[in-house]
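Structure first, commentary second.
Note that the coordinates shown come from a computational prediction; the quantities given were computed from them, not determined experimentally. Every chain is numbered from 1 and lettered A, B, ... according to where its sequence line falls, protein lines coming before strand lines. For the numbers below, each heavy atom of this structure counts, side chains included, while hydrogens, waters and symmetry mates do not.
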There are 2 protein chains.
Amino acid sequence: MTVNRLAEIAALAGVSPSTVSRALSRPELVAERTRRRIMNAVEATGFRQNEVARSLKQQTSRTIGLVVTDLNPFHATLVKGVQDTAERNDLNVILFTSDDSAAREREALSILRSHMPQGLILIPSAHTALHAQLLRGLTVVELDRQSGMDGAHTVQVNNRAGARDAVRHLIAQGHQRIGAIFGQLHVSTAQERHQGFRDALAEGGVAYDETLVRYGNDLEPSGRAAALELLDVSPGARPTALFVSNHEMAVGAIIAMRSLGLKLPRDISLTSFDDSRLMLLHEPPISVVAQPTYELGVRACEVLIAALADGDVPHHVRLDAPFIARGSVAPP
Amino acid sequence: MTVNRLAEIAALAGVSPSTVSRALSRPELVAERTRRRIMNAVEATGFRQNEVARSLKQQTSRTIGLVVTDLNPFHATLVKGVQDTAERNDLNVILFTSDDSAAREREALSILRSHMPQGLILIPSAHTALHAQLLRGLTVVELDRQSGMDGAHTVQVNNRAGARDAVRHLIAQGHQRIGAIFGQLHVSTAQERHQGFRDALAEGGVAYDETLVRYGNDLEPSGRAAALELLDVSPGARPTALFVSNHEMAVGAIIAMRSLGLKLPRDISLTSFDDSRLMLLHEPPISVVAQPTYELGVRACEVLIAALADGDVPHHVRLDAPFIARGSVAPP
DNA sequence: ATGAAAGCGCTAACAG
DNA sequence: CTGTTAGCGCTTTCAT
C-alpha cells in the first residue's frame, strides 16, 4: 500500500493535515506524542510530501537551475561539484546546456523560471546580459565566467595570474616567439587569460605580436585549426612555444602538432589551461594551469546557498589556478 | 512589467483564464481572433505558464529524472545525449548521482517521485532491485546496465560481443597469458564482458585462468591496484596482455604500467573498454571497445518517450560497441 | 467558442 | 498544541 497524500497520513494518525505538515516541517511545534504517532505512520507507509504541491504553495521549489555551455569533462566535474553540494543541502538540480547559444540560453532561463527555482548557477554565454530581464528577481551565481550583469554573484579562478604564470615559465625557459590561442575575447575567461599573457610578455620584455595570436571557440576543432595556422609554416617563422588557453583547444593543438610531425618538447613547447588525466598521461606530460574544477562547482553552490540566506550582498570568489610545470616545455 | 499569472493575461486580452489556458495548450479549441489577441498579450509580456501549477493540476510534470552512478567523462556524454534529446521533446532533466550507493540511490528515487516526473532514466546500481517499490508506477529506462527488475526498459551495448572481439584480437596476436580486470560481477556490464572474455578464450583454445583475473569497482584506483597485483611479478609469471573492462580502470592500469616501467606494447599489450581522446592520443594509442556513448543517452531518452506514448510494451535496445585495434597491442 | 467553478496537495494565518 | 479555512496558478469538466 502506498500513501501519497498528507491527508491520508492525517487520517491514519487521527490528526488534521496541518498537524502532519507541521510534524514534518517544523517538528518543534508539535507535541512529542503526536509527532511520534505521525512519524510512525509516515515511516510505515513510506510517505513523502509532494514537492510540486509544496512548491506551489510556498512559491519556491527546493530546486536550483544549472546551465552549462557544454558537457565536456571539465563541465562534468563542475556539475558534480554543484550536484554534490546541492544534495547535501536538500536541493535538486535541473540541468540545462546552452551550447553557448543565445537562443538556447534564453529558452533555458525561461523554462527554469517556470519551475520556481530557489536560484540559478550558470556559466554565462556571451549573450547573458541580454537576458537580464529573465533573471530578474532570481539569485544567480555566475560560474567560471562573468557576464558583467550586475547583482550576480561570481565564482571564478584567477585566470589572469594563471595565464601569466604559464607564460612567464615559457619566457624563463628562453622562449621569445610564443604563439597563443584564446577563446573569443568577449568571454571573460579568454579576456583575462589574454591579459595575463600580455602581462607576462611585458614583464619579460617580449613584444606582443598579434600575428602569433589566434582566437577559437573553446572547442577542440577550433584549437586544431588555429594551431595549424600558427605552426604549419617554415621552421623559422614558427613559434617555439604555444600557450593555449583552454583544455579542449589544447587537445586540438596536440592533434595538430602530431599531424605536422612536431615533437613535444623538442620541436615546440606547449602549455595549456585545465589539468586532466589526458594532459598528465600524455608523453611528455603537458604543463598546465590547473583549475580546481570540482571545488569551483562546490563553491558556486555554497555561494548560492549563502546568498539565498544572506540577502543581496554580492559574493565574488576567485580561486587560485596554480601553474604546474611538466615535460612539455623545454628551452627552444 | 512582468506578468506571471495566466489570469493577468486573461484580463489583458479581455477573456477568461480558461480561454487563455486553452489558447496556450490546445489552440485549436479557440477562435482564431481570440487566440491572436491572447498570443499578442503573451508575447508582449513574456508570459510563461507556471510549470509547478500545471504539474500539480495535471498530476505529472514535464520532467524526467536521470540518475547516474557518477559523473566521469563517460557519464557526461551519456547525460548530454539524454539532455539534448529531452530538450527536443520539451522535457527537463533533474539530475542525481548515486555513487553506486544503495542509500543515495534510494534517496534520489524517493525525491524524484515527489517531483512527479514523467519517467526515469537510470544507471542501476547493484541495489536497484531493492527499490522496486519506489519505482512502482514509474516508466523507467535502465541505461548502460540492467538490474533485472521486470517491466524496465533497457538501453545497453553489446558488451559480450565487444569484449569477445577485443580478447579475440589479443589471442590472434599470439597472446595466451591474458590478464583481465572487471567490475563487480553483480553489475550486468561486468558480467557480460566477463562472459565475452571467456567466450574468446574458449574459442581460441586458451584455458581460463582465474589467477589472472581481478575485480575492481570501475574507478581508477581499483584498476591501478588490480593491475599492480597482476603485473608486479616476475617477468615469467606476468601476463603478456591485459584486458581491462572499463575506461577508468584502464587509466589506472596505464598508470600502474608506467610505475612498473613497463612499455606498451613492447612489454605488455593492453585493450580497454570505452574510447576517449586519452586513449586515442596516448602513445601508443590504446585499442578499445568503443561504446557509442552519446547515442546511448539519446536512445535511452527516445525509448523513454516512446514508452510513455506506447504504454507498457518493454523496449530493449542493444547498440554495437565495435572493437578498434590500435598500437597498444603487439605480439608477445 | 467561451466562462464559471472545482480542485490538484500542500502550508500558513488565524482561532481556539 | 491543534484544527479550520483559504488559496498558491493552473486545467478541466460542465454549462451555456
Rounded to whole Å, please give me the gap between CZ in B:Arg35 and C1' in C:dT2.
15 Å
Quick one: which residue pairs count as a salt bridge (charged side-chain N to carboxylate O under 4.0 Å, His left out) with a foot in residues 62-78 of chain A, not counting sequence neighbours?
A:Asp70-B:Lys80
With respect to the phosphate group of C:dC10, does any side-chain polar atom (N or O) of A:Ser55 fall under 4.0 Å of OP1 or OP2?
no
What residues, two or more places apart in sequence or in another chain, satisfy side chain to side chain donor-acceptor pair (under 3.5 Å) together with A:His115?
B:Asn92
Expressed as a whole number of angstroms, how long is the span from B:Arg37:CZ to C:dA1:P?
14 Å
Just by protein heavy atoms under 4.0 Å, how would nucleotides 7-16 of chain D read 5' to 3' in B, S and -?
BBBBBBB---
By side chain to side chain donor-acceptor pair (under 3.5 Å) - contacts of B:Thr19 (at least two apart)
B:Ser16
Donor-acceptor pairs are to be reported for all side-chain atoms of residues 25-33 of chain A against protein atoms at under 3.5 Å, with residues two or more places apart or in another chain.
unit_1  : atom_1 : unit_2  : atom_2 : d
A:Ser25 : OG     : A:Ser21 : O      : 3.4
A:Glu32 : OE1    : A:Arg35 : NH2    : 3.1
A:Glu32 : OE2    : A:Arg36 : NH1    : 2.9

In short, salt bridge (charged side-chain N to carboxylate O under 4.0 Å, His left out) pairs touching residues 47-57 of chain B with sequence neighbours left out are A:Glu107-B:Arg48, B:Glu51-B:Arg54
